[in-house]
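Everything quoted here is computed from the prediction, not taken from an experiment. Below, all heavy atoms of this structure are taken into account, side chains as well, without hydrogens, waters or symmetry copies. Along the sequence shown, residues carry numbers from 1.
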Amino acid sequence: YIEPIMKKNKLYIFGAGHTGQALAKYALNFPFEVVLIDDRKEYLDDCTVSEVNKMHLPFGEALKLLPFDEQTYICIMTYSHPLDRNILSFCLKKSFAYLGMIGSQRKVEMTKKMFTEVGVCSFDELENVDMPMGINIGAEGPDEIALSILAKIISIKNYKTTSLKSVQYV
């Protein structure tokens, strides 16, 4: 009897703050290998869920070590707008199933303007980035925000599309 080895969906969470930890915890209930990445050891240590893979490295170093493919789901939610933008810039050039960045509408508009003006990517490429991340459910607090993000990721996974425009909600 031979059983095929299926590649597992990977969820990379950049930022181990309260929302990142909540997302990691909830995502374990779904078919994701969860990797929580942060350059702050104390935040990773706060995450007590043993099934979560933790990477304590500067974000730039972690990015060079992580494999990216069509089963990679990426959530960017660090403590710094410039760090978020650097991670986003790197990930835009990789294969992924989902790429999202947390932030206010102002942060999103500034990022789009900066990226298109300096030639990081085109406006069309940015249309496939979920920012601000998640489904708008009026979420308040880390747990609700994490659930809104996870709901969006699951919809992308189940509809098997990287186009945010083709996902439908009922």
### Cluster check Leu126, Val118: I/L/V/M/F/W/Y, side chain < 4.5 angstrom
yes
### Query
Backbone N or O of Tyr43 within a donor-acceptor pair of the Gln21 side chain at under 3.5 Å?
yes
### Message
Looking at every heavy atom in both Met110 and Arg85, which two are closest together, and how far apart are they?
### Response
CB-NH2, 3.7 Å
#### Entry: Closest approach of Asp39 to Pro58 (non-hydrogen atoms, all atoms of both residues)
CB-CA, 3.9 Å
### Message
I'd like to know whether the aromatic ring centres of Phe96 and Tyr73 sit less than 6.0 Å apart in this structure.
### Response
no
### Message
Determine whether the aromatic ring centres of residues Tyr12 and Phe68 are separated by less than 6.0 angstrom.
### Response
yes
### Pairwise side-chain contact, Val52 with Leu28, heavy-atom cut-off 4.5 Å (strictly under)
yes
### Task
Answer yes or no: is there a side-chain heavy-atom contact under 4.5 Å between Asn128 and Leu99?
no
### Task
Determine, step by step, whether Asp84 and Lys107 satisfy the salt bridge (charged side-chain N to carboxylate O under 4.0 Å, His left out) criterion, reporting the C-alpha distance in whole Å, the side-chain angles of both residues, the deciding distance to 0.1 Å, and the verdict.
CA-CA 10 Å; Asp84 286 353; Lys107 175 184 174 184; 2.4 Å; yes
### Task
Side-chain contact test, heavy atoms from C-beta onward, threshold under 4.5 Å: evaluate it for Met131 versus Leu88 and give yes or no.
yes
### Query
Considering residues at least two apart in sequence or located in another chain, which fulfil the side-chain hydrogen bond (donor to acceptor under 3.5 Å, both in side chains) criterion with Ser122?
Glu125
### Query
Do Thr72 and Asp69 meet the criterion of a side-chain donor-acceptor pair at a distance under 3.5 Å?
yes
